[in-house]
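Report on the following structure.
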Amino acid sequence: MIPAHSAPAQPAPTPQDGLVVPLAPTSDWRRAWRDAIRDPRELLELLDLPQVAARLSADAQAQFPMRVPRGFAMRMRRGDPADPLLRQVLPLDDEDRLVPGFDLDAVGDAAANAGTGILHKYRGRALLVATGSCAVHCRYCFRRHFPYAEQTAAANHWQAAIDFLRNDSSISELILSGGDPLSLATGKLAELTGALRGIASLRRLRLHTRLPVVLPERVDATLLDWLRTLPWPVSIVIHANHPNEIDVEVAQALRRLRETGAVLLNQSVLLRGVNDDARVLAELSEVLFDAGVLPYYLHQLDRVAGVAHFEVDDQCARALHSELQSLLPGYLVPRLVREVAGAPGKTPL
Ligand SMILES: *Cc1c(COP(=O)(O)O)cnc(C)c1O
Ligand code: SF4
């Protein structure tokens with residue numbers, strides 16, 4: 001994934017999609033985006049954890065530079081080196097270990113991307129890698145090894161992606177992913193959805209985004225207006241792993257998204273030392289439901305190089321999942337799945 005040191009410029013607002021995007025010359029979310037903490041030592045100092053600096057990895061930092069929005073860092077506990085939010089973002093020397101079975105392209109994405117920005121692996125659904133940028137860099141993410149170019153999909157006004165969708169009428173759902181699709185300016189997203197309106201076979205639009213959680217400032221009036229004017233049923237799959245990620249501001253942002261009529265779902269990755277505890281996962285489902293979000297998937301992580309220390313073995317994962325079922329109503333229990341290259345969908349464990 002692209003280390004987002006150069007945030008894409010906000011394009012001039014254009015009337016698209018039947019809506020005039022209001023002028024936002026100094027957008028707050030852009031400022032918050034740029035103001036992210038990128039120096040691991042600065043983060044450790046803010047958290048009163050100077051002693052952890054000895055375990056930082058320069059290699060891990062060079063491969064996938066740390067990036068943490070300040071608001072997300074504020075939700076970490078000071079003085080706790082095992083903080084579950086800190087663990088998700090800090091480049092430690094655990095990542096330098098080479099572990100057999102943890103390779104570069106764990107899910108076969110390099111092969112699937114045909115130059116359009118589209119990944120078409122599952123029936124009826126196409127995933128558009130809308131951008132390579134993310135507001136936070138999650139250490140466990142398989143995209144750490146894929147420097148998707150900012151231009152892949154958005155250049156040429158999305159033409160290659162639009163052509164792909166127009167030529168395959170079996171695709172009824174378009175999934176905007178990345179990177180994080182909400183790292184694009186709303187005007188850019190409106191340009192895409194404006195062009196998609198002409199494709200009759202498209203019935204649903206889905207967004208996969210971590211921004212409402214890591215940078216709730218992104219959920220501004222312009223974004224909400226865009227969502228409200230879309231002609232398809234919309235689902236938004238957010239990505240939260242631990243209940244401490246959901247503070248008052250995030251819950252407010254989620255409620256606002258819900259009020260646009262979008263269906264909100266959450267997917268988590270099961271991570272050792274972060275959320276491998278049934279009570280933590282149960283609390284996550286509860287706080288998310290309070291904010292209008294239903295659980296969707298609990299993923300076994302993709303086995304890419306550098307993430308072995310986060311893995312929870314399948315037996316423990318199944319035991320955790322059964323315990324979760326005993327703690328919660330069925331609709332608050334996420335499906336435990338993993339991604340298997342070549343499978344027709346996510347594979348239940
Ligand atoms: C995960 C994924 C999807 C969506 O799968 P669902 O089970 O519908 O959530 C679609 N396309 C690709 C390439 C994916 O990796
Ligand atoms: S998990 Fe999501 S937000 Fe985090 S780096 Fe990966 S794609 Fe970006």
Side-chain angles (χ1 to χ4, degrees), residues 1-4 33 36 60 63-69 72 85 87-89 91 105-114 116-148 164-165 170-184 203-215 218 235-242 245 263 265-271 274 294-302 304 306-307 310 334-348:
M1 127 153 351
I2 289 221
W33 174 291
Q63 180 190 78
F64 193 44
M66 190 189 84
R67 178 169 193 103
V68 189
F72 191 75
L85 277 57
R87 263 185 80 82
Q88 294 180 54
V89 299
D105 188 4
V107 288
D109 270 1
N113 193 341
T116 54
I118 298 260
L119 301 176
H120 185 203
K121 296 205 291 200
Y122 302 155
R123 201 195 156 277
R125 289 146 290 170
L127 184 151
L128 177 61
V129 179
T131 167
S133 300
C134 293
V136 68
H137 288 172
C138 312
R139 306 316 302 176
Y140 54 84
C141 180
F142 71 96
R143 296 190 193 280
R144 57 186 290 149
H145 298 293
F146 298 100
Y148 291 126
F164 184 96
L165 296 169
S170 75
I171 296 169
S172 52
E173 177 167 0
L174 179 65
I175 301 170
L176 305 186
S177 183
D180 198 309
L182 291 188
S183 58
L184 292 168
R203 299 178 61 176
R204 294 183 297 281
L205 186 74
R206 190 195 315 182
L207 296 163
H208 273 253
T209 174
R210 192 148 159 68
L211 271 175
V213 172
V214 300
L215 199 87
R218 178 64 184 95
S235 58
I236 302 175
V237 182
I238 63 158
H239 182 162
N241 297 318
H242 192 282
E245 293 172 43
V263 171
L265 301 168
N266 178 60
Q267 65 174 29
S268 309
V269 179
L270 183 56
L271 298 166
V274 173
L294 282 171
Y296 184 36
Y297 284 142
L298 176 60
H299 274 271
Q300 274 295 43
L301 55 69
D302 296 321
V304 295
V307 308
F310 282 122
R335 273 154 269 189
L336 179 63
V337 294
R338 78 147 35 89
E339 188 154 352
V340 176
K346 309 292 184 233
T347 306

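Both counts, for ligands and for their atoms, begin at 1 and track the order of listing.
In this structure, F64 and H137 have parallel ring planes: the angle between them is below the 30° cut-off, well short of the 60° mark.
The two residues L128 and T116 make their nearest non-hydrogen contact at CD1-O, 4.1 Å. L270 approaches Q300 most closely through the heavy-atom pair CD2-OE1, 4.0 Å.
H120 does not count as a contact of ligand 1, since none of its heavy atoms falls under 4.0 Å from the ligand. Assignment of D180 to the shell around ligand 2 is not supported, since no heavy atom sits closer than 4.0 Å. Ligand 1 has at least one atom lying under 4.0 Å from a heavy atom of E339.
When side chains are defined from C-beta on, T347 does not count as touching V337, because their heavy atoms never get closer than 4.5 Å.
The part of H239 lying near ligand 2 is the side chain, judged by heavy-atom distances below 4.0 Å.
Taking 2.8 Å as the criterion, H137 does not count as a coordinating residue of atom 4 (Fe) of ligand 2, since none of its N, O or S atoms falls below it.
In terms of polar-atom proximity, defined here as any N/O pair under 3.5 Å, R125 does make such a contact with ligand 1. Considering both main-chain and side-chain atoms, K346 comes within under 3.5 Å of ligand 1 through a nitrogen or oxygen pair. Ligand 1 has no N or O atom lying under 3.5 Å from any N or O atom of Y122, backbone or side chain.
In the vicinity of Y297, heavy-atom distances shorter than 4.0 Å reach the ligand 1 atoms 6 (P), 7 (O), 9 (O).
Of the candidates R139, R67, R210, it is R210 that places a heavy atom closest to atom 3 (S) of ligand 2. Distances from atom 6 (Fe) of ligand 2 to the heavy atoms of A135, C141, G132 show the closest one on C141.
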For the pair R139 and R87, evaluate side-chain contact (heavy atoms from CB on, under 4.5 Å) and give the outcome as yes or no after the intermediate values. CA-CA 8 Å; R139 306 316 302 176; R87 263 185 80 82; over 6 Å; no
